[in-house]
Every structure is written in structure tokens, then in C-alpha cells.
Protein chains: 2
Amino acid sequence: MITSGKGAIPLYMQIREFLIAKISKGDWLPGDPIPSEMNLSQELGVSQGTVRKAVTELVEYNVLRRKQGRGTFVSNHDSQRALFHFFHIVDDKEQKVMPDSKVLRCHRKHASRSETLKLQLEDRADIIRIERVRTLSSSPTMIETIILPGHLFKDWDELDSSNLPNMLYELYEKQYGITIHSAEERLRAVAASKHDASHLNLEPGTPLLEIERVALTLNKSPVELRISRCNTRKHHYENTIL
Amino acid sequence: MITSGKGAIPLYMQIREFLIAKISKGDWLPGDPIPSEMNLSQELGVSQGTVRKAVTELVEYNVLRRKQGRGTFVSNHDSQRALFHFFHIVDDKEQKVMPDSKVLRCHRKHASRSETLKLQLEDRADIIRIERVRTLSSSPTMIETIILPGHLFKDWDELDSSNLPNMLYELYEKQYGITIHSAEERLRAVAASKHDASHLNLEPGTPLLEIERVALTLNKSPVELRISRCNTRKHHYENTIL
DNA sequence: AAGTGGTCTAGACCACGTA
DNA sequence: ACGTGGTCTAGACCACTTG
């Protein structure tokens, strides 16, 4: 499994991929501890420092989390982490506010052309479409459309669609074993439609910030397409470039 | 200088700060090689592995750059890097396009209240204000206002303001020894003013993506405030969340 | 006390670039 | 051939958590 020798792939990279595979397969679940560095190094026939280097990279990618004296754990992406990591809207005092949300519609349909492209689905694939309004600082601020591939969320219809949690990523992980790891966002300025305007309590044509997000798993396969239109009168999108 | 012992700050952290200080002071300039890991470890009285760990962190922060077989170099942030790292506008085929730019105005004035706050200046401090239009894919797409603290760019007025380079960060580094290292961006949707509209060749009230950026040096001191208003009809802002 | 991650060492060999 | 960074080892000791 782990091979060494001249011109080979470095051991720590092989071990890193081995660890990723274990997590992707579900052998180690979010929140679980992985074997200690000593155990892994003995089982894999390498030194502890080599295992350590592999683990360090996955800690940097937020796949694993070290706790001194306790062990190394598969990250669980709870609502706090989702808010911290994936939610970039803050109020004008730079404070992150936990959004409230109310579902407007939730139904199954066939994917549109652009949805199939962005979620890498087959033509007219079955999808779930959720529309909701999110309230920040007690005023309706965002209107969101969420598209999920039907085959990944088979028993979705059994959920109470009028009572979904604010932070869906936690639900994806706990109920469907799907962990969102990264995302690509595209931002534009658009004019509010009549529909947007009525739900956000403003005039049609008002400029809104549109955030189109494709959320990906650890293996980079797309799991969710989300289009958020946000009133940026009292809030804005924050991005730090390091 | 480098101290060890029980309960002390770890050596590699001290060395990391030592390296940062050398670069901030200008002892090692962008593009220059730093001493080899062996040399540093001997001079500092630690093992090569410890120096290596310090250097690795700075490579991850883009402060240093390793070249196998050649050495380790202080990053120079040329126009390619500025485009890659700080310019997040792409066309709808996800292609990054080198923007062209034309200066509209360039003059000195006193800082406004909000400018003093965002650039951490004193009341009514001297600032340089540049206004320009940027052309992407051969259509005027962005209108930018750039605010620079006057005291950091003393002989700015001697430059040919109608002929500034597209990528100002390279100029800051080469002419003023100021390297932009990170930035904080705030994005909103706004309606085009008459002034915006006339330069971007569209109707007043059209939604524009406003990007307010504060650019920082390695020591986190703010150097530039830039407000860009962007027509997102054919382009958008792209952000990857890892 | 035992086990975990965190730091640090000293030394080996490999891969790459330059002279 | 030599010097650089890149990988890997074996072992030491420290800091933290749990039983």
C-alpha cells in the first residue's frame, strides 16, 4: 500500500491520501478520533514524523483537528463552523449575525441546463429546489434558492420542509453523511425582481448582491448550488485576502 | 536573541519573527535570497529542522518562496502575482483578464472622516486621491477611487499621473519599498451614480458591485484604501472558500 | 502514571540547479 | 562537484488530558 524507493511519490503524500480515503469512505466519521500518530506510524511502517507531516497538512485543510493530550479528530462541521467558515455576510459593525430563515417553497423538479452544468448532473436529472428568506438583525435581508441533486438526498421529502435548520450543512452531514469542505462563490450586482422585492420589503430594481455558490465535498464533487440575493443596505460581504 | 528553556516561546516561532523582522526592516529585500537553512541554523544555534519549520510557515504566508537547488527568496509581488492574488474579477468564462486603466484625476487633499478611520490616519491628514477607469475585455467595466496616505508616498506628484502602471502594488514595492501583503475587502451592491454611469457607459441606477479594499503590509498597517465599482454584466467576483 | 500531540535534535540520503 | 532545499529516521523531552 505505502511504497518507497527512488523517484516514488513521497511517503507523507501517500499517507495523506490514505487518510483522506479513510475519511471519504466513512471508515472514520466526523467527530471520531483517528489512530494516534505512533499507532499509524507502526501500522504503516514509517516514522512518527512522517505521519505527523501528513496529518499536519490535513489539519491545515480543516479535514482533521488536533487536540493536545487527547488525540486527532475528524473535523465535524457544526453550525458554528458553517457560520464562521462559509457565511461571509456581516453587519456594518463587522459582526457576524446568526441568520434566521423561513422556507417559502420546497419541491422536486428536473434540473435546468445551467443547474446540470454547475452540479455536474445528467440532463433533466431529478433535483430538490428550496427557496427561503433569511432574516438578519431582524429584517429580511436575503432570498435564497438552493438546488440539491435528488439522488444524494433520497428521503428529503420526509423532512418537515417548513422547519429546516438555519445551517443546512450540519443537516447534510448528520442526516446524509455528506460533509461540505470547500465552496466556489461568484458575486454579481443584480436588480431586485418583483418577487425578490416583495419578500425583502423593498422596491423592484434595488441593487442586490447575488452570491452564487457551488459547495463541494472533500473529493471536489459538487453537492449544492445556492443562489443568494442579499440586500446590502445594512450588511455586506466580507473577504480577507491573505 | 533566541532563547530556549521551559515554558519559553518555541524556538521556531522566535525564528519566524526574527525572519519577519529582517524583511520588515528591509535587511532582506523582495527578490533577494535569504541565508541557507544550514547557515541560519548555525548562526542561530538551532537545528536545521527548526529553521525549516519557521521558513515553512512563511512560505505558506507567501512571505518567502523556496526554489529547490537554488535557495529561499523574499517574495516579490510583481504584476502577475498581484493579478493572481489580489484581483478577483474574472469574465464569465472564469478567465482572469489583465485590466487596462486610464486615470481620470489625481490630486492631494485632506482625508475625510471615513478615510482617516479606514487608513488609521490623523484628522485631516494629507492623502493622495486617484480616480481611474479600468477596461476589461475591451469595455469600460470598473471605476476606481484609490486613497493613499500622503506621508508614505512623499514624491508621488513627480510621477506622470496620466501614465501610471495598471498594477500599482508593483509600483508601491519598487518605488516606495512598501509591499502589500494582505487585504480586507467589503462587497456591496450599489446603484450607479450619474458620474459612474457616464464613465462606464450605462444608465444611472444600474446595479454595480462595490468592492472596498484596505490593503495591508506585513505588519498589518493599512497602506491603501480602494473603492472599485464594477459592472457585473459580463464579469463577476470570484472567491474560493477552502 | 500512561498516552497523546508539540517541539527539537542530529544525521542520512535524494532531487535539483549551478558552475 | 558542490550547495541548495525536500524527505525521512530514531529518539529525546515537554505540555496537556485522562484515568
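In what follows, chains carry the letters A, B, and so on, assigned in the order in which the sequence lines appear, proteins first and then strands, with residues in each chain numbered from 1. Just so we're clear, the structure is a prediction, and the values are computed from it rather than from any experiment.
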Exercise for the section: Could you check whether B:Val46 gets within reach of a base, just the sugar-phosphate, or nothing at all, counting any heavy atom under 4.0 Å? Expected result: sugar-phosphate
Problem - Any A:Arg70 side-chain N or O less than 4.0 Å from OP1/OP2 of D:dC16 - result: no
Handout entry: Pair B:Glu144 + B:Arg134, salt bridge at N-O below 4.0 Å
Key = yes
Exercise for the section: Verify side-chain hydrogen bond (donor to acceptor under 3.5 Å, both in side chains) between B:Asn219 and B:Ser24, making sure each step is shown before the conclusion. Expected result: CA-CA 8 Å; B:Asn219 354 302; B:Ser24 292; 3.0 Å; yes
Exercise for the section: Answer yes or no: does a side-chain N or O of B:Ser36 lie under 4.0 Å from OP1 or OP2 of D:dT4? Expected result: yes
Completion exercise
Of the candidates D:dG5, D:dT9, D:dC8, the side chain of A:Tyr12 sits closest to D:dC8
Practice task
Respond yes when some side-chain nitrogen or oxygen of B:Thr50 is under 4.0 Å from OP1 or OP2 of C:dT9, and no when none is.
Solution key: yes
Problem - Cationic N near anionic O, under 4.0 Å, A:Asp32 to A:Lys22 - result: no
Practice task
Look at the side-chain N and O atoms of B:Arg66 and state whether any lies under 4.0 Å from the OP1 or OP2 oxygen of D:dG6.
Solution key: yes
Practice task
Check every strand shown and say whether A:Thr72 touches a base, only sugar-phosphate, or nothing at a heavy-atom separation below 4.0 Å.
Solution key: sugar-phosphate
Exercise for the section: Would you indicate which nucleotide in C:dA10, C:dA15, C:dT7 comes nearest to any side-chain atom of B:Ser47? Expected result: C:dA10
Practice task
Please state whether the phosphate of C:dG6, meaning OP1 or OP2, lies under 4.0 angstrom from any side-chain nitrogen or oxygen of A:Arg52.
Solution key: yes
Practice task
Output yes when A:Glu37 and A:Arg66 qualify as a salt bridge under the 4.0 Å nitrogen-oxygen rule, no when they do not.
Solution key: yes
Problem - Pair B:Arg186 + B:Glu210, salt bridge at N-O below 4.0 Å - result: no
Handout entry: Distance-only donor-acceptor check, side chains A:Tyr172 and A:Glu224, under 3.5 Å
Key = yes
Handout entry: Closest nucleotide among D:dG5, D:dC8, D:dC16 to the A:Gln68 side chain
Key = D:dC16
Exercise for the section: May I ask you to say whether A:Asp78 pairs ionically with A:Lys174, meaning some side-chain N is under 4.0 Å from a carboxylate O? Expected result: no
Exercise for the section: Examine C:dT7: is either OP1 or OP2 under 4.0 Å from a nitrogen or oxygen in the side chain of B:Lys53? Give yes or no. Expected result: yes
Handout entry: Global bending angle along the helix from C:dA1-D:dT18 to C:dT18-D:dA1, which compares the axes of five pairs at either end, to 10 degrees
Key = 0°
Practice task
Side chain of A:Glu37 only, please: which of C:dG5, D:dG5, D:dT9 is the nearest?
Solution key: C:dG5
